[in-house]
Each structure stands twice: as C-alpha cells, then as structure tokens.
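Following: one structure in structure tokens, then a few remarks.
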Amino acid sequence: MFILTLSPDSTSTMSRFNCTVPVDEYLADSNVLFYLSDAVTQLLEHKEEYTQFGVIRYFAEYFSSVKNSNHILFREYNYIRATPHNRASFIRVFWRCYRQIGKSGDLLSMLEYRSLLQLLCPDFPAEMVQSAARIVLMDDAIDCLMSFSDFLYAFQLQFYYQEFLDSVLMIYQDLLSGKSPNTVIVPTSTSIEQLPSVAAEDIDREEQQQDGVEPSTLAQCIDALCDRFKRSHPPRSCMREALEQTDKVSYYSFLMSLAKHEAINQTVGVLPSKAELLIDPEMDQELDKLIAQISVSPGSNSSGSAVGGLKEVQRKASPRRNIHHRRKMEVESDGSTEETDSSEN
C-alpha cells in the first residue's frame, strides 16, 4: 500500500531553490496538498485504469504532468482555475494548441474563441470569454472579429487576475457613481458565483455619460486594494504606468493597457513577447511530420484529409484518459488546426 504523509504542523523547515522555507508556507505557496488530494481522488475514481501500471508510477506521472503543465487538459473549469499554476498552464496550452490561427492571420469572433476554449475545457464559461473580448473591443460591438494575439493577451490578463479585476471594476463603478471608494468591499471568496455580477450594458451606459474617472484617484484606490488583497494582482508599477497615460481613464482602456504591457506578460511567465508569439520551430516541425504521415496514409489524397484526421483525433479525446494519453494528445493538438473547427461553431 502506498502511503504519503505530510505534516503541516511540523516545526521543521524544508529547502527549495537553496533557501530555507517554513513547511506551512511552502505547502501553501506550492499547493502541494491540493494536487495530492486531486491525485488521490483521480486514482480512486479511475483505479482500474490507473493501477494497471502501478500506483507509484501513477503518482510520478501525475506530478510530472503538473510540472510540465499538461495536467489541465480536458479538466473541469473549477480545477483549471484553482491555482495560479493551473491558470498559467491553461493559458500556455491554449496558445500552443491554437497558435496556427494567429500564424494564418485569421480573425475570429467571441463565440468562436469560446468554442476553442471549450475543446480544452468543456465547461469553460462564456462570461470569462466575453470579459476578455470586451478588453479587446472596448466600445465596439461584442460580436466583432479579433486577432488571435489581441485576444490571447487580453484573455491572459482576465483569466489569471480575475478576482483582482472584479474588485477593480467595483471600485471603478463606485467612482463613476460618486460613491466613496472606502465603501468598496473586497471579495475574498474563490467562487465566481459569490462575486457580484455587473451588466455590461450598464457599464456602457455609464461610460457614454462620462469619459471615465480621474487616473490619480483610481490609482490611489488600486494601491490601497493591493495592500489588503490576498490573491495575485498585476505589478503596481505596471498599473501606475498605465494610469499615467491619460487625463481620464475608463475601466476597459485601463485593462487594455495592462494586457499589452510586457511586464504583465513576464510576470505570468508562460507566453512569449508579441514579436515571438507565433514563432515555434520545434512545434512547426512536429506538425509538418504529423501532416506528412497522414498525407501519405492510404485513402489520403490532400492536405484537407490531414486536417480532417487531426479533427477526428480531437473528437475522440476523452477527459478521463490516463496521463500518457493526455501527453500524447497535447502533442497532437499543439499544431492547432482547430481554426477550421471554429468556423463550424
């Protein structure tokens, strides 16, 4: 029987990256107990599938997949948003799977991007995609087309810093309505459902009446928010820089400045700079090999059949396949021929 014991109450310390860190702090920062709990849950739910190759090997493969950011494929939304590492991993997988869309120059709608996201996470909510799209489109119609790079960086900001941006939006609305920012309540729950919802139409109506708020006032409120906020937030220097650019600032223009800020991108640490976003020679080589193999197979007479073959692989993917299958699926889907699927949705 495999038993792993971790004692959060221990007074000993452990070393990581050549520095001594208290056990409680390390466990909290690394989310080790979260991943251990999930690994055990998955094992118990699918033990007939996983125990074929041994429990010890299963745990080794599970934590290897977490380290390599492959663990979030086809998992439920509550799982992929549960930790900063999961969020960053999902952003990276989304980029690598659909990079070809940006490379081909295709423009997609919000609904098409939602369809692509739901291929990786079946219950990915429309509200998150809509929030990212509004950062790109701002005052334009929400059904306008967007480039892959514009949507990707906006999605990264919205998805990774969601709770903080929800609090900033509450502050912004209070400033627009003339309320004291001191009355703003900072959400502490990790549940989206417990956060107050804001109608996009109401924001549009308010911003049509006013050009925005004073950047200096908003900067002071955001700085105070950072002091008491317990979750991840963008670097203060980036937010101050974004707010110093105009005399009046709206919520979505502020977010657009942050989405384009390279320091934000470096802080999250999973996407390359915009200049290098579509460059991935290793993945291009793997994709060329895969297409070549399918193209020369019996019954294949065109590149279109190669695309069809890749689509069929995606359709047959199961969220309950073991880690070996998930790793294989990432290699097959990273080439991103899914832009053809988006036109069907």
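What you are looking at is a predicted structure, and each value in this text was computed from that prediction instead of being measured.
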Fill in: Ser64 side-chain N/O to Ala60 backbone N/O, donor-acceptor pair under 3.5 Å
no
Practice prompt. Working to the nearest 0.5 Å, report the span between CD1 of Ile171 and SG of Cys221.
Written response: 5.5 Å
Response to the item:
Here the side-chain hydrogen bond (donor to acceptor under 3.5 Å, both in side chains) pairs for residues 116-127, sequence neighbours left out, are none
Worksheet item: Please walk me through it: do Leu255 and Arg134 pass side-chain contact (heavy atoms from CB on, under 4.5 Å)?
Response: CA-CA 10 Å; Leu255 264 55; Arg134 292 191 64 81; over 6 Å; no
Worksheet item: Do Val55 and Val66 share a hydrophobic cluster (ILVMFWY, side-chain heavy atoms under 4.5 Å, transitive)?
Response: yes
Item to complete: Evaluate the side-chain proximity of Tyr98 to Leu117: yes if any heavy-atom separation is below 4.5 Å, no if none is.
Response: no
Practice prompt. Please check if any side-chain donor atom of Tyr160 sits under 3.5 Å from a side-chain acceptor atom of Thr267, or the reverse.
Written response: no
Fill in: Derivation of the salt bridge (charged side-chain N to carboxylate O under 4.0 Å, His left out) call for Asp166 and Arg231
CA-CA 12 Å; Asp166 286 336; Arg231 298 176 67 89; over 6 Å; no
Worksheet item: Any donor-acceptor pair under 3.5 Å linking the side chain of Tyr58 with the backbone of Ala39?
Response: yes
Discussion item. Evaluate Tyr172 against Ser250 for side-chain contact (heavy atoms from CB on, under 4.5 Å), listing each step before the verdict.
Written reply: CA-CA 8 Å; Tyr172 177 78; Ser250 68; 3.6 Å; yes
Item to complete: Could you check whether the rings of Phe151 and Phe94 sit parallel, tilted or perpendicular, using 30° and 60° as the cut-offs?
Response: perpendicular
Worksheet item: Hey, is the main chain of Ile72 close enough, under 3.5 Å, to the side chain of Asn86 for a donor-acceptor pair?
Response: no
Item to complete: Mind checking salt bridge (charged side-chain N to carboxylate O under 4.0 Å, His left out) for Asp227 and listing every partner two or more places apart, or none if nothing turns up?
Response: Arg236
Worksheet item: Side chains of Asp38 and Arg75: does their closest heavy-atom pair fall under 4.5 Å?
Response: yes
Discussion item. Is any side-chain heavy atom of Phe90 closer than 4.5 Å to one of Tyr77?
Written reply: no
Worksheet item: Is there side-chain contact between Gln42 and His71, with heavy atoms separated by less than 4.5 Å?
Response: no
Practice prompt. Rounded to the nearest 0.5 Å, what's the gap from NZ on Lys248 to CG on Leu218? Could you check?
Written response: 11.5 Å
Worksheet item: Would you call Leu137 and Tyr252 a side-chain contact if the rule is heavy atoms closer than 4.5 Å?
Response: no
Fill in: Sequence-distant partners of Asn31, side-chain hydrogen bond (donor to acceptor under 3.5 Å, both in side chains), two or more places apart
none
Discussion item. Going by the rule side-chain hydrogen bond (donor to acceptor under 3.5 Å, both in side chains), which residues pair with His233 if we only count those two or more places apart in sequence or in a different chain?
Written reply: none
Practice prompt. Would you sort out whether Tyr62 and Leu43 count as a side-chain contact (heavy atoms from CB on, under 4.5 Å), showing the intermediate values?
Written response: CA-CA 10 Å; Tyr62 178 91; Leu43 178 63; over 6 Å; no
Worksheet item: Are the ring centres of Tyr79 and Phe34 closer than 6.0 Å?
Response: yes
Discussion item. Distance check, rounded to the nearest 0.5 Å: Phe155 atom CZ versus Ile135 atom CD1?
Written reply: 10.5 Å
Discussion item. Tell me which one of Leu277, Leu258, Ile264 satisfies side chain to side chain contact (heavy atoms under 4.5 Å, CB included) with Tyr153.
Written reply: Leu277
Worksheet entry | Side chain Ser253, main chain Val249, donor-acceptor under 3.5 Å | no
Worksheet item: Should Met239 and Cys226 count as side-chain neighbours, where that means a heavy-atom distance under 4.5 Å?
Response: yes
Worksheet item: About how many Å separate SG of Cys238 and CD of Gln266, when rounded to the nearest 0.5 Å?
Response: 9.0 Å
Practice prompt. Return the set of residues passing side-chain hydrogen bond (donor to acceptor under 3.5 Å, both in side chains) with Glu244 (not counting sequence neighbours), or none when no residue passes.
Written response: none
Worksheet item: Hey, is the main chain of Pro272 close enough, under 3.5 Å, to the side chain of Asn265 for a donor-acceptor pair?
Response: yes
Item to complete: Give a yes or no on whether Leu107 and Met110 share a hydrophobic cluster (residues Ile, Leu, Val, Met, Phe, Trp, Tyr; joining criterion: side-chain heavy atoms under 4.5 Å apart).
Response: no
Discussion item. I'd like to know whether Glu163 forms a salt bridge (charged side-chain N to carboxylate O under 4.0 Å, His left out) with Arg81, so could you lay out the CA-CA distance, the side-chain angles of the two residues, the decisive distance to 0.1 Å, and finally the verdict.
Written reply: CA-CA 11 Å; Glu163 291 80 8; Arg81 66 181 292 272; 2.9 Å; yes
Worksheet item: Are Leu165 and Tyr251 close enough, and set up right, to give a side-chain contact (heavy atoms from CB on, under 4.5 Å), and what steps lead you there?
Response: CA-CA 10 Å; Leu165 297 185; Tyr251 176 72; 3.7 Å; yes
Discussion item. Test your reading of the model: is there a side-chain donor-acceptor pair from Tyr113 to the backbone of Met146, 3.5 Å cut-off?
Written reply: yes
Discussion item. Taking the side chain as everything from C-beta on, heavy atoms only, tell me whether Leu175 gets closer than 4.5 Å to Glu214.
Written reply: no
Item to complete: Find the distance between CG (Leu271) and CG (Leu152) and round it off to the nearest 0.5 Å.
Response: 5.0 Å
Item to complete: Sort out for me which residue in Leu116, Asp106, Leu108, Ile101 forms a side chain to side chain contact (heavy atoms under 4.5 Å, CB included) with Phe148.
Response: Ile101
Worksheet item: Just wondering, do His85 and Ser69 contact through their side chains at under 4.5 Å, heavy atoms?
Response: yes
Discussion item. According to ring-ring contact (aromatic ring centres under 6.0 Å, His included), who are the partners of Tyr161, at least two apart in sequence or on a separate chain?
Written reply: none
Item to complete: Could you tell me how the ring of Phe159 sits relative to the ring of Phe124: parallel (under 30°), tilted (30 to 60°) or perpendicular (over 60°)?
Response: tilted
Item to complete: Look at the side chain of Glu276 and the backbone N and O of Ser273, then say whether any donor-acceptor pair between them is shorter than 3.5 Å.
Response: no
Response to the item:
When rounded to the nearest 0.5 Å, the distance separating CD1 of Ile91 from CZ of Arg96 is 15.0 Å
